[in-house]
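Each remark here refers to the structure printed beneath this line.
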Amino acid sequence: QVQLVESGGGLVQPGGSLRLSCAASGFTLNYYAVAWFRQAPGKEREGVSCISSSDNNTYYADSVKGRFTISKDNAKSTVYLQMNTLKPEDTAVYYCALLAFGNTCPQAWLSVKYRSWGQGTRVTVSS
């Protein structure tokens, strides 16, 4: 059974850091592209970052570029999202998901389909 489980969320002060994890089970993570999304209260879900399967090609939303880093450890079947210099507007529930078709994040990664969504982990940035 394909499953993604997010963890690592919590309460952090502005300017702080968190590392989110997306643990995969039931399949071989090496063969899939994985993306992080987030949904803030009262807002639509938005893409945060995407990492391809083999070449580790990555994309980031403009709002997090330079502050967030996505990475993958195939041996641990886990995708990470290192979040630095956090801002109150980063407050959201963060989800990971698999690219539905193909194993490389396309340039239009924000517009393609994803599947096997995790349950999410909540991040709150507040003083």
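For this chain, numbers begin at 1 and follow the sequence in order.
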Take the angle between the ring planes of Phe37 and Trp117 and call it parallel below 30°, perpendicular above 60°, tilted in between. tilted

Co-membership, hydrophobic cluster, residues Trp36 and Leu86, 4.5 Å side-chain: yes

Ignoring hydrogens, what is the shortest heavy-atom contact between Cys22 and Val34? Give both atom names and the distance. SG-CG1, 4.5 Å

In the structure I gave you, are the side-chain heavy atoms of Ile70 and Tyr60 within less than 4.5 Å of one another anywhere? yes

Ser52 side chain vs Thr104 backbone, donor-acceptor pair below 3.5 Å: no

Using a strict threshold of under 4.0 Å (side-chain N to carboxylate O), is an ion pair present between Lys87 and Asp90? no

Hydrophobic clustering (ILVMFWY, side-chain heavy atoms < 4.5 Å, transitive) - are Tyr80 and Val123 grouped together? no

Side-chain donor or acceptor of Arg67 paired with backbone N/O of Thr85 under 3.5 Å: yes

Asn74 (side chain) donor-acceptor with Ser77 (main chain) under 3.5 angstrom: no

Compute whether any side-chain donor of one residue and acceptor of the other, for Ser17 and Asn84, lie under 3.5 angstrom apart. yes

State plainly whether one hydrophobic cluster holds both Tyr95 and Trp109, where clusters connect Ile, Leu, Val, Met, Phe, Trp and Tyr through side-chain heavy atoms under 4.5 angstrom apart. yes

Would you find a donor on one side and an acceptor on the other, under 3.5 Å apart, between the side chain of Ser49 and the backbone of Tyr59? yes

Keeping the roles fixed (side chain from Thr91, backbone from Glu89), state whether a donor-acceptor pair exists under 3.5 Å. no

So do Phe27 and Tyr32 actually touch side chain to side chain, heavy atoms under 4.5 Å? yes

For atom NZ of Lys43, decide whether the heavy atoms of other residues, nucleotides or ligands shown that lie under 6.0 angstrom number more than 12. no

Among Arg38, Arg122, Glu6, find the residue that satisfies the side chain to side chain donor-acceptor pair (under 3.5 Å) test when tested with Tyr94. Arg38

Using a 3.5 Å distance criterion without hydrogens, assess whether the side chain of Ser53 forms a donor-acceptor pair with backbone atoms of Asn103. yes

Is Val5 reachable from Leu29 through a run of hydrophobic residues whose side-chain heavy atoms are each under 4.5 Å from the next? no

For the hydrophobic clusters of this structure (ILVMFWY residues joined by side-chain heavy atoms under 4.5 Å, transitively), does one cluster hold both Val125 and Leu81? yes

